Amino acid sequence: MALCMAFLCASSGLAQAGTPAGQSFNQATAALREGRLDEAAAGFAALTRSSPNFAGAHYNLGLVREEQGRLEEAIASFKKALALNPRLPGANMFLGIAHYRLNQYQPAIAALRLEIKRNPSDANAWMWLGLTQLATENPEEAAAALDHAAKLAPDNVDILYHRGRAHLLVSKESYEKMFQSDPKSWRVHQVLAEADAEADRHEEAIAEYEAAIQLVPRQPGLHEKLGTEYLKAGKPDLAEAMLNKELEIDPNNVLARYKLGTLQVERGEGAKSKELIQGALRQDPTIKDSSYYLGRAEMELGNYGAAVEAFHRAIAASDTDPEIVQQSWYQLGISYRHLHRIEDAQKAFAAFQRLRDEEAQKQQERLKKKREASGQGAGTPPSSEKPL
């Protein structure tokens, strides 16, 4: 209805002010704006009889009929309006929408393409073209149309939803063709591994990455992915071996270098972790959460002043993971304590505890909502962990 109203307002200027036709047109338009569809339809229909060459009356009658679900009548009205004035804004789009809703996809595409030709900046016309192409099982064409719509209206959630669905279908179609073409390809194992990894099935992902590596042992990227899955599965020794292997194959793999650095941080290897993390940052200064791990490396080396600076950067960064922010405050407190800045340490520990308590409260609220949704009583919420 909102889209209809936008084009209704534009078309109301088609009536000549002060004439009986113009007055009747404005009354019918007001009825449509207020949702009095039957009254609006009667008014516009009367105008099409008394002023049969009044394109705006036919157009707005088409808008009403579309809102009423009387799509065949809407199509007839839009066609009449376009015959009288082929440049009516939005008329071809609404004609296309009516055809689409009647599953008449080819006429819909033709009308929507005409609208786009006359108004290439109309994001809604591009969206409806994409939707119609999806209905005709042409996801690649639909994705292209919806990509264009998203450029014109980047915050439109309807466009973003349909665009995502189109790209998902393109991916699905591509993978199906891949499976059919060569079911034993290493790419098949890679796709299955990625699917397992996204579903947190780490052991299954490991098996698929290992199978892919057996087929292409020098393929860049695979050892880094396998190392990541070993990390998530709690197998740091195997992870380290795979990440080192990745750097042997591809010395420019910044993620392998960075992840190897974070692994060395957890092992207390300050010098090695700092070298690796700084090397990764020279390749890509924007690595997320890197300041936290660099701060941890500086702590291992006893460089508490540098650690304080790194933790402050981690806390200030807008994209830092909330858990990392919380831990940064804690490590900051320890660093201040080593520097004998007791008041600053106390403030840092207080900030850590506040964030920790807030997270515990959020967890209790989520648990309460989950129990309420399942019809269970609130029960006794679990106690939060003791502060570190």
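Just so it is clear, the structure is predicted and the values come from calculations on it, not from any experiment.
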Going from [atom1] on [X] to [atom2] on [Y], what distance comes out if it is rounded to the nearest 0.5 angstrom?
X    : Y    : atom1 : atom2 : value
E298 : N303 : CD    : CG    : 4.5 Å
Q327 : L355 : CD    : CG    : 10.5 Å
S174 : L169 : OG    : CG    : 12.5 Å
Q278 : R282 : CD    : CZ    : 6.5 Å
E269 : L260 : CD    : CG    : 11.0 Å
L215 : L222 : CG    : CG    : 10.0 Å

Residue pairs involving residues 303-313 (criterion salt bridge (charged side-chain N to carboxylate O under 4.0 Å, His left out); sequence neighbours excluded):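 Residue pairs passing salt bridge (charged side-chain N to carboxylate O under 4.0 Å, His left out), neighbours aside: none found.
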
Considering only residues two or more places apart or on different chains, which pairs with a residue in residues 135-161 satisfy salt bridge (charged side-chain N to carboxylate O under 4.0 Å, His left out)?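 Every pair satisfying salt bridge (charged side-chain N to carboxylate O under 4.0 Å, His left out) with a residue in residues 135-161: D147-R163.
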
Would you check, one step at a time, whether the test side chain to side chain donor-acceptor pair (under 3.5 Å) holds for Q353 with D357? CA-CA 6 Å; Q353 190 61 52; D357 291 342; 2.9 Å; yes

Taking atom types as modelled, find out whether E115 and N119 have a side-chain donor-acceptor pair closer than 3.5 angstrom.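 No - no donor-acceptor pair under 3.5 Å links their side chains.
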
Are Y209 and H189 close enough, and set up right, to give a side-chain contact (heavy atoms from CB on, under 4.5 Å), and what steps lead you there? CA-CA 6 Å; Y209 278 127; H189 291 292; over 6 Å; no

ILVMFWY cluster, [X] and [Y] together (side-chain gap under 4.5 Å):
X    : Y    : result
I324 : Y330 : yes
V325 : V265 : yes
L95  : I116 : yes
I159 : I109 : yes
Y292 : I315 : yes

Looking only at heavy atoms, what is the nearest atom pair of [X] and [Y], with distance?
X    : Y    : value
A280 : V254 : O-CG2, 3.3 Å
A142 : G130 : CB-O, 3.3 Å
I206 : A233 : CD1-CB, 4.0 Å
L82  : A91  : CD2-CB, 3.5 Å
L294 : A310 : C-CB, 4.4 Å
A81  : A55  : CB-O, 3.6 Å

Does some side-chain heavy atom of [Y] sit less than 4.5 Å from a side-chain heavy atom of [X]?
X    : Y    : value
L112 : H99  : no
F44  : V64  : yes
F94  : Y59  : yes
H202 : D196 : no
K288 : Y258 : no
Q219 : I213 : no
P236 : E266 : no
Q104 : I75  : yes

Quick check: does any side chain N or O of [X] sit under 3.5 Å from a backbone N or O of [Y], one acting as donor and the other as acceptor?
X    : Y    : answer
S51  : T48  : no
W126 : P120 : yes
T262 : K259 : yes
R118 : P86  : yes
S273 : G270 : yes
H167 : H162 : no

Salt bridge flag under 4.0 Å for residues [X] and [Y]:
X    : Y    : result
E229 : K225 : no
R36  : E39  : yes
R296 : E300 : no
K362 : E358 : no

Angle between ring planes, Y100 versus Y105, binned at 30° and 60°: parallel, tilted or perpendicular?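 Rings of Y100 and Y105: tilted, 30 to 60°.
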
Looking at E323, I'd like to know if its CD atom is crowded, meaning that more than 12 non-hydrogen atoms belonging to other residues, nucleotides or ligands lie closer than 6.0 Å.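 No - once you tally the heavy atoms of other residues, nucleotides and ligands closer than 6.0 Å, there are 12 at most.
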
Crowding at CD, E176 (>12 non-hydrogen neighbours, <6.0 Å):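 Yes, because the 6.0 Å sphere around CD of E176 holds more than 12 heavy atoms from other groups.
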
Do R187 and Q190 pass the side chain to side chain donor-acceptor pair (under 3.5 Å) test, and can you show the C-alpha distance, the side-chain angles, and the key distance before you say yes or no? CA-CA 5 Å; R187 287 290 190 189; Q190 183 187 31; 2.8 Å; yes

Name each donor-acceptor pair under 3.5 Å that joins a side chain in residues 239-247 to protein atoms two or more places apart or in another chain, with its distance.
residue: E240; atom: OE1; partner: R267; partner atom: NH1; Å: 2.1
residue: E240; atom: OE2; partner: Q264; partner atom: NE2; Å: 3.1
residue: N244; atom: ND2; partner: E240; partner atom: O; Å: 3.2
residue: K245; atom: NZ; partner: E248; partner atom: OE2; Å: 3.2
residue: E246; atom: OE1; partner: G221; partner atom: N; Å: 3.3
residue: E246; atom: OE1; partner: H223; partner atom: N; Å: 3.1
residue: E246; atom: OE1; partner: E224; partner atom: N; Å: 3.0
residue: E246; atom: OE2; partner: G221; partner atom: N; Å: 2.8
residue: E246; atom: OE2; partner: N253; partner atom: ND2; Å: 3.4

After noting the C-alpha distance and the side-chain angles of L63 and F78, does the key distance pass the side-chain contact (heavy atoms from CB on, under 4.5 Å) rule? CA-CA 8 Å; L63 294 177; F78 289 134; 4.0 Å; yes

Among residues two or more places apart or on two chains, list those pairs meeting side chain to side chain donor-acceptor pair (under 3.5 Å) that have a residue in residues 68-82.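 Every pair satisfying side chain to side chain donor-acceptor pair (under 3.5 Å) with a residue in residues 68-82: D38-Q68, R65-Q68, R65-E73, R70-E73.
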
Kindly indicate, with the supporting measurements, whether the criterion side-chain contact (heavy atoms from CB on, under 4.5 Å) is fulfilled by W329 and F311. CA-CA 7 Å; W329 279 112; F311 291 131; over 6 Å; no

Apply side-chain contact (heavy atoms from CB on, under 4.5 Å) to residues L332 and F352 and explain how you reach the verdict. CA-CA 9 Å; L332 183 60; F352 162 74; over 6 Å; no

Using ring-ring contact (aromatic ring centres under 6.0 Å, His included) as the criterion, list what pairs up with H338, not counting sequence neighbours.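 ring-ring contact (aromatic ring centres under 6.0 Å, His included) check on H338 returns Y304.
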
Which residues pass the salt bridge (Lys or Arg N to Asp or Glu O under 4.0 Å) test with R366, not counting sequence neighbours?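 With sequence neighbours excluded, R366 shows a salt bridge (Lys or Arg N to Asp or Glu O under 4.0 Å) to E359, given in chain and number order.
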
Counting the benzene-type ring for Trp, do F54 and F25 have ring centres under 6.0 Å apart?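 Centroid separation for F54 and F25: below 6.0 Å.
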
